[in-house]
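Below is one structure, written out as structure tokens; comments come after it.
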Amino acid sequence: MQIGIPRETLPGETRVAAIPDTVKKLIQAGHQVRVERAAGLAARYRDSDYESAGATLVDAAQALGAELVLKVRRPDAAELAQMAPQGILLGMLDPFDLDGLRPLAEAGLTAFALEAAPRTTRAQSLDVLSSQSNLAGYKAVLLATQYYGRIFPMMMTAAGTLKAARVVVLGAGVAGLQAIATARRLGAVVEASDVRPAAREQVESLGGKFIDVPYETDEEREIAQGTGGYARPMPAAWMARQAALVAERCKQADIVITTALIPGRPAPVLIQPDTVDAMKPGAVIVDMAVERGGNCPLSVAGQVVDHNGVTLVGLTNLPALLATDASALYARNLLDFLKLIIDAEGRYALPADDDIIQACLVCQGGQLLRSA
Ligand code: NAD
């Protein structure tokens, strides 16, 4: 097949959907790969390395016009206009945003949104949410160290002893668990909260303390199990008890990293403004849910704001700050996904009854395959 790798055009998007190593594998499998000039530059992959891997360097129209296009972000109108009718597109296409997907269907594309893959063992190697959230969780802690005027580990010096930082992580999924591990490695004392009961053991195995919000009814216990590995919105009574406990822990904390998300919904509010008012001066909140509305209403997407001495870091797209590694993992996720839709002869073939394909295929033959 002809496979195109365009340069990403969304402002701040530094990642690229293929790296020289994955291009080489695609070429070994018999495909032709067209890489747009400078596609990998922001992620520190040189044109010459793509060429050495066997790719042809092309302009945007030739990369987007390929039979199969690998992207990081959903193409915008200008990009769509350059894509081949009946082209195949793989990317992080935001599968819950139906208005954003409709133009892809209207353009006649067959499009796969990789974020929609199920959380199963078979899907693990192509799980873009995991590969990217893991890096984001790491980066969130490093961002916190940057805005925090103190150090993380306890340090005994001749001039006095410095206390270890107290870190609270809200949401112990992929990003949260990596944030816990990273903060622990830096010597912080870490506590974490999640709705899902399975999170307790994972938090504790990383050396964190679980903030326990006991379930008081069968309904709470049942909802907390989530669906398909994901959280569901918890009943108001549980959320109120969690808010009270979280507020107490946040008042003692130096750093709060929030990662709580519920697929297809706004992020749950876990830190109320009055909790921020009660936090210590110099404390830092990194709100990783800010693109979905935020776990704290005071955080602002794309900005670092100061609220009475508490810094709220609302920077978005944290994986793009680690573009080299984020691209490498993402490119391997795509390579694994391609194995599902390309047959032994190297031709596109859509398997029937494949749960990963069924979950990720968002449009085909002019039809949008998702509904609200
Ligand atoms: P996510 O990004 O959707 O959400 C982040 C975390 O926020 C989740 O742990 C969620 O439970 C939590 N959360 C939601 N509402 C909350 C609230 N009110 N208070 C506190 N926490 C709240 O989730 P994710 O990181 O993508 O992972 C979700 C689960 O899927 C995890 O258990 C993870 O281990 C699992 N997973 C499984 C696989 C696999 O088996 N292939 C792959 C990746 C993730």
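In listed order, ligands and their atoms are each counted from 1. Every heavy atom of this structure was used, including side-chain atoms; hydrogens, water molecules and symmetry mates were not.
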among protein heavy atoms, the one nearest atom 5 (C) of ligand 1 is T259 O, 3.3 Å
When the ring planes of Y215 and W238 are compared, do they come out parallel, tilted or perpendicular, using 30° and 60° as the limits? parallel
Any side-chain heavy atom of L80 sitting closer than 4.5 Å to one from L109? yes
Any Lys/Arg nitrogen of R241 or E220 sitting under 4.0 Å from an Asp/Glu carboxylate oxygen of the other? yes
Among D127, D194, T258, L170, which one puts a heavy atom closest to atom 42 (C) of ligand 1? D127
Heavy-atom nearest neighbour in the protein, as seen from atom 33 (C) of ligand 1, with distance rounded to 0.1 Å: V174 CG2, 4.4 Å
Identity and separation of the nearest protein heavy atom to atom 36 (N) of ligand 1: R119 CG, 3.8 Å
Pair R7 + E36: basic N to acidic O under 4.0 Å: yes
So is V195 close enough to ligand 1, meaning a heavy atom under 4.0 angstrom away? yes
Which residue is it: L26, V33, I3? I am looking for the one with a side-chain contact (heavy atoms from CB on, under 4.5 Å) to L68. I3
For M239, the atoms of ligand 1 under 4.0 Å from one of its heavy atoms are 18 (N)
Among all the protein's non-hydrogen atoms, which is closest to atom 34 (O) of ligand 1, and how far away is it? Q202 NE2, 4.5 Å
Just need the protein heavy atom nearest to atom 29 (C) of ligand 1, so name the residue and atom and give the distance. G229 O, 2.8 Å
Partners of N333 by side-chain hydrogen bond (donor to acceptor under 3.5 Å, both in side chains), sequence neighbours excluded? S131
Flag the pair V168 / I211 as yes when at least one side-chain heavy-atom distance between them is below 4.5 Å, and no otherwise. yes
Quick one: does Y230 get an N or O within less than 3.5 Å of an N or O on ligand 1? no
closest protein heavy atom to atom 43 (C) of ligand 1 is S130 OG, 2.9 Å
Sub-4.0 Å heavy-atom contact, A172 with ligand 1: yes
Partners passing side chain to side chain contact (heavy atoms under 4.5 Å, CB included) against D21 (at least two apart in sequence or in another chain): I19, K25, R332
Check: T120 N/O within less than 3.5 Å of ligand 1 N/O: yes
Distance from atom 32 (O) of ligand 1 to nearest protein heavy atom, with residue and atom: R196 NH1, 2.6 Å
Apply side-chain hydrogen bond (donor to acceptor under 3.5 Å, both in side chains) to the pair R44 and S327, showing each step before the final yes or no. CA-CA 10 Å; R44 306 283 186 258; S327 302; over 6 Å; no
In ligand 1, the atoms that come under 4.0 Å of a heavy atom of P268 are 15 (N), 18 (N)
Would E204 and R200 pass as an ion pair if we require N to O under 4.0 Å? yes
Any idea which atoms of ligand 1 are less than 4.0 Å away from a heavy-atom of Q242? 17 (C), 18 (N), 19 (N), 20 (C)
At under 4.0 Å between heavy atoms, what of L177 touches ligand 1? The answer is neither
If you have a sec, work out which protein heavy atom is nearest atom 22 (C) of ligand 1 and how many Å separate them, to one decimal? A260 CB, 3.5 Å
Is the shortest distance from a heavy atom of M234 to ligand 1 less than 4.0 Å? no
K71 vs D76, test: salt bridge (Lys or Arg N to Asp or Glu O under 4.0 Å). Steps then yes/no. CA-CA 11 Å; K71 286 256 311 134; D76 62 16; over 6 Å; no
